[in-house]
Each structure stands twice: as structure tokens, then as C-alpha cells.
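The structure appears below as C-alpha cells.
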Amino acid sequence: MPYAEEVVAHVTDDGSAPKGRRKHDTVLLTPRQASAFVARLVDLPALTRTAGKEIAADIAAS
């Protein structure tokens with residue numbers, strides 16, 4: 001891969017896995033869940049991939 005990829009979540013209409021998904025340790029979100037995820041991200045000054053996955057998983061579980 002020519003660049004570092006920091007994908008923590010995939011967003012699809014129904015929260016299912018997208019075609020061509022390279023990273024399988026990502027969280028699957030619906031658009032509503034993605035909106036909640038982004039709202040939480042903008043409040044953080046810095047974010048690691050691990051912390052991002054934890055936030056996304058928490059939102060996906062709710």
C-alpha cells in the first residue's frame with residue numbers, strides 16, 4: 001500500500017460490510033451511527049486508531 005491507512009470504521013446504508021473491504025478489524029456503522037461517531041471525534045484534540053475503534057464500537061453497540 002502506498003500510504004498509511006487508518007480506517008477505523010466503514011459506513012454503509014445498512015451497516016453491512018462494503019465490497020472490497022481491506023481492513024477486517026474495522027467497525028461497521030450505519031449513517032446515523034456515523035453521524036454520532038463524527039460528533040464525538042470533533043470533540044477530541046488527538047485520536048489514535050485504537051481509541052477511534054473503541055469509540056466506533058461503543059456507538060455501533062448502542
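Position 1 is the first residue of the sequence; numbering continues from there.
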Minimum-distance pair of heavy atoms, taken over all atoms of Lys53 and Val27
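Smallest interatomic distance, heavy atoms only, reads O-CG2, 3.8 Å.
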Not counting sequence neighbours, which residues clear side chain to side chain contact (heavy atoms under 4.5 Å, CB included) with Asp14? List them please.
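If we apply the side chain to side chain contact (heavy atoms under 4.5 Å, CB included) test to Asp14, skipping adjacent residues, the hits are Thr12, Ser16.
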Suppose we screen for side chain to side chain contact (heavy atoms under 4.5 Å, CB included). Which residues come up paired with Ser35, at least two apart in sequence or across chains?
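For Ser35, no residue satisfies side chain to side chain contact (heavy atoms under 4.5 Å, CB included) once neighbours in sequence are set aside.
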Side-chain heavy-atom pair Thr30, Asp13 within 4.5 angstrom cut-off
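When only atoms from C-beta onward are counted, Asp13 and Thr30 do not touch, as no gap falls below 4.5 Å.
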Counting C-beta onward and ignoring hydrogens, is there a side-chain heavy-atom pair between Val11 and Phe37 closer than 4.5 Å?
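No, their side chains stay 4.5 Å or more apart.
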More than 12 heavy atoms of other residues, nucleotides or ligands under 6.0 Å from CG of Asp25: yes or no?
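Result for CG/Asp25: enclosed.
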As a quick check of understanding, evaluate side-chain contact (heavy atoms from CB on, under 4.5 Å) for Leu41 and Leu47, giving each step before the final call.
CA-CA 8 Å; Leu41 292 180; Leu47 181 72; 3.2 Å; yes
For residues 54-62, dump all side-chain donor-acceptor pairs below 3.5 Å to protein atoms at least two apart in sequence or in another chain.
| unit_1 | atom_1 | unit_2 | atom_2 | d |
| --- | --- | --- | --- | --- |
| Asp58 | OD2 | Arg40 | NH1 | 3.0 |
| Asp58 | OD2 | Arg40 | NH2 | 3.3 |
| Ser62 | OG | Ile59 | O | 2.8 |

